[in-house]
Amino acid sequence: MSVPYGFIVTQIKETHEFYKKNIESGRELDEEEKIIKRKLDKLYAVVLELEKSYE
């Protein structure tokens, strides 16, 4: 895995986990955060698919 790819993947995973924890704690996302979360979920799904293909 190249360094830029690894950095981006790490950022996507960490941000995804951050939103997940916030939602689980009962925090309500505002409209902008909801849009960001939807986009992030799509990126996260792509990351997981790519990781599966490298196994």
Side-chain angles (χ1 to χ4, degrees):
M1 179 182 321
S2 67
V3 174
Y5 173 77
F7 175 76
I8 293 168
V9 166
T10 301
Q11 292 295 337
I12 290 170
K13 287 180 174 181
E14 287 176 356
T15 307
H16 184 266
E17 193 62 30
F18 170 78
Y19 276 107
K20 182 179 172 184
K21 287 179 181 178
N22 274 306
I23 291 169
E24 288 174 353
S25 73
R27 182 175 170 272
E28 192 69 33
L29 301 179
D30 64 25
E31 287 305 313
E32 185 178 332
E33 289 174 317
K34 288 177 183 177
I35 293 168
I36 292 169
K37 171 111 175 45
R38 281 193 297 269
K39 291 178 181 179
L40 180 66
D41 287 344
K42 291 176 185 177
L43 287 172
Y44 187 72
V46 170
V47 165
L48 293 180
E49 277 300 312
L50 288 172
E51 287 181 342
K52 280 185 198 176
S53 70
Y54 282 109
E55 290 179 350

Evaluation steps, side chain to side chain contact (heavy atoms under 4.5 Å, CB included), between Glu32 and Ile35: CA-CA 5 Å; Glu32 185 178 332; Ile35 293 168; 5.7 Å; no
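Inter-residue side-chain proximity for Tyr19 and Asp41 is flagged as unmet; no heavy-atom pair is nearer than 4.5 Å. Contact annotation: the side chain of Glu17 approaches that of Lys21 to within less than 4.5 Å [non-hydrogen atoms, C-beta and beyond].
The salt bridge (Lys or Arg N to Asp or Glu O under 4.0 Å) check on Glu14 picks up nothing, with sequence neighbours excluded. Residues satisfying the side-chain hydrogen bond (donor to acceptor under 3.5 Å, both in side chains) criterion with Arg27, sequence neighbours excluded, are Glu33. Residues forming a salt bridge (Lys or Arg N to Asp or Glu O under 4.0 Å) with Lys20 (at least two apart in sequence, or on another chain): none.
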Only pairs under 3.5 Å count here: list side-chain donor-acceptor contacts from residues 42-50, not counting sequence neighbours, and write none if there are none.
none

